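If you're wondering where the values come from, they're calculated on a predicted model, not measured in any experiment. A, B, ... follow the sequence lines: proteins, then strands. Residue 1 opens every chain.
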Number of protein chains: 2
Amino acid sequence: MDLDIVRTFVVAADAGQFQEAAAELAVTQQAVSKRIAALERNLGVRLFTRTARGAELTIDGQAFLPHARELLRVAERAVASVRPGRRPLRVDVIASRGAAAGLMRGFYRAHPEIDLDVVMLFDIETAVAAIRSGAIDASFRAVAAPGRPLPEDIESVRVLDEPLELLTGPAHALAGARSVTVAQLAGHRIWMPGIVPGTEWAAYYDDLVAEFGLTIEATGPNFGSDALLDTVADTPALATFMGGHTRLVWPSGHGLRRIPVTDPTPVYPHSLLWHRDNPHPALGTLRAHLAATATGHDATGTWAPSWVISSR
Amino acid sequence: MDLDIVRTFVVAADAGQFQEAAAELAVTQQAVSKRIAALERNLGVRLFTRTARGAELTIDGQAFLPHARELLRVAERAVASVRPGRRPLRVDVIASRGAAAGLMRGFYRAHPEIDLDVVMLFDIETAVAAIRSGAIDASFRAVAAPGRPLPEDIESVRVLDEPLELLTGPAHALAGARSVTVAQLAGHRIWMPGIVPGTEWAAYYDDLVAEFGLTIEATGPNFGSDALLDTVADTPALATFMGGHTRLVWPSGHGLRRIPVTDPTPVYPHSLLWHRDNPHPALGTLRAHLAATATGHDATGTWAPSWVISSR
DNA sequence: CGTCGGCCACAACCATCGGTTGTGCTCGTA
DNA sequence: TACGAGCACAACCGATGGTTGTGGCCGACG
């Protein structure tokens, strides 16, 4: 199906006749006739009843019309999403179901009129490069991993400390606990496939391991969170970490447990990053929204790597 | 823009390489390459970075991908809206902003999983024919105008009595009233352009005029409710009737008044009509919903034409 | 370090599609 | 009854989008 044909249908429906629609679209009446005929052939229904002074919608045509309009609207937004200059605010998050995505959902609820696009980049290195090039407008990341100070033209503000939770299957030794201390985790195998050395999140877990003597295994390829959850659910000796704000599509019948971690609670520090000179009007709105809704983060009883900066 | 190309983009993005996408789409790799190149040329941005073992999305590609998926979803629904058999429930209402449309909005809120299409037919004659032919599944209409008994195979149930309200401009003689009686309306000019003789709604107003000696002028072409409202707002001698459940996009600064009518309150009787043998599963859901949410209509103090049937 | 294999892009070729012009038909109207 | 408005059909033709064939690039592996 061609969107030009859909547009022709909408224009013809509004005009009530093919002739006028043809003029509006700068084609001949015969072209409009052929397009509509092709659309009707594709759909297998008649969309217009041709009369001596025009064409009016059939019932099927009436039913199709709002869908056709919606189709054109969505297409317009799709094109706008990649249009340089005045495109939707484009924000990088670390995981589509993580805390940053939750913040963006909240922002969308507060400002549904602002067009958003959410992307997921590889690491903070990539994100900073994308911010500087203008490919994205903002990023939620942990800053700044050791030896990776932010460039001068990148600003950041810490917006959310997300507590880590332990995820276990029903047969795990800690499955029955209401909460566990970090000290209790020593000796247990924590499995986090897909950790890539050199990224800022790998640095986070490296620090966590060094600080508390944990055992985190990053072995094996990452087949996605569904496969991870399946394995954890079925393997008594394995547990994994998960952001406490993560929205899970909970696999039913697996008996998975999410257990808070305490003494201290490891938190993953999300900062918003953006370019000093970015002129996108929605960026200021996003920053104001985050500042207004930020839960003043209480550092007592929590742990984050020493290299994390709190603001600048 | 061609939806085949959009689909190619989505498949290629999922596959991570053109080769596999080509196999899935049953075309050659070269065709996929050309399609993607054409899409990139149209959009003016690069969507994939080509590597030695595949193609991965650029940031623009990532931003475009969800919009592309949405586009395909909407297209799917558009096609489904006219597919014979298992198409969305198609309901005829008398006006897009009237009471019946409000009932359908309520039904949608209660059952968002049910696909709906709303159409507006000319009169009950057309609606009954459409119901019998299967072109629509249900209709909200006043039944049955004099001499027009419903056919045997059409069932109906009265679902809503909508009180009429008087709509006046700020300079109208009755503009200051909190409510008006029908008797007070005698002698005032009530303008309702667009009434077509022979329709069931024309019969309703005919009866209203005959019963209470009102003056309803149907003169002049109907340029739409916006033009009607403009005229009423500016003309002190004119008022019009409007369904009390009508949702207006209120023209600002016009000072329009909606005034309830009493002694008695004329109500427009909406019934749901459907075909006895219609097998659409959602039709039963709609009937159950309407039965459950129906405000038990209290006939005291209201007026409706004598030919209106209350149920069957 | 060279070779191999996988994958994408370019070129040439060709059928189909979608546009135009020209014309005929129907229907409402003067 | 003749006319005009509007849509459909036919013939024609350039553009589009597919195929096959081929070459270049890059990572893997011996």
Worksheet item: Minimum heavy-atom separation for A:R53 to A:Q17, with atom names?
Response: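 Result for this residue pair: O-OE1, 4.2 Å.
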
Check whether any side-chain N or O of [X] sits under 4.0 Å from OP1 or OP2 of [N], and answer yes or no.
X	N	value
B:S33	C:dC8	no
A:T28	C:dT20	yes
B:R50	D:dC26	no

Quick one: [X] [atom1] to [N] [atom2], roughly how many Å, whole number?
X	N	atom1	atom2	value
B:R35	C:dA9	CZ	C1'	17 Å
B:Q29	D:dT22	CD	C1'	12 Å
A:D2	D:dT16	CG	P	13 Å
B:L39	C:dA9	CG	C1'	17 Å
A:Q19	C:dT26	CD	P	18 Å
A:R41	D:dC9	CZ	C1'	13 Å
B:R53	C:dC8	CZ	P	12 Å
A:F48	C:dT26	CZ	C1'	19 Å

Worksheet item: Looking across every strand, which nucleic acid part, if any, lies under 4.0 Å from B:V27 by heavy atom: base, sugar-phosphate, or nothing?
Response: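 Here B:V27 touches the backbone only, sparing every base.
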
Worksheet item: Is A:R141 reaching over with its side chain to a backbone N or O of A:E125, donor-acceptor style, under 3.5 angstrom?
Response: no

Worksheet item: Do any N or O atoms from the side chain of A:E40 and from the backbone of A:F48 form a donor-acceptor pair under 3.5 angstrom?
Response: yes

Worksheet item: Considering heavy-atom distances to DNA chain C, does A:A38 or A:T51 have its closest nucleotide positioned more toward the 5' end?
Response: A:A38

Response to the item:
Assign each of B:Q30 and A:K34 the nucleotide of DNA chain C bearing its closest heavy atom; nearer the 5' end lies the nucleotide of B:Q30

Fill in: Validation row: A:E76, A:L3 side chains within 4.5 angstrom (heavy atoms)
no

Worksheet item: Is any side-chain N or O of A:Q17 under 3.5 Å from a base N or O of D:dA5, one able to act as donor and the other as acceptor?
Response: no

Worksheet item: Pick one: which of B:D137, B:I154, B:V128 meets side chain to side chain contact (heavy atoms under 4.5 Å, CB included) with B:H275?
Response: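 So, applying the side chain to side chain contact (heavy atoms under 4.5 Å, CB included) to B:H275 and each of B:D137, B:I154, B:V128, only B:I154 qualifies.
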
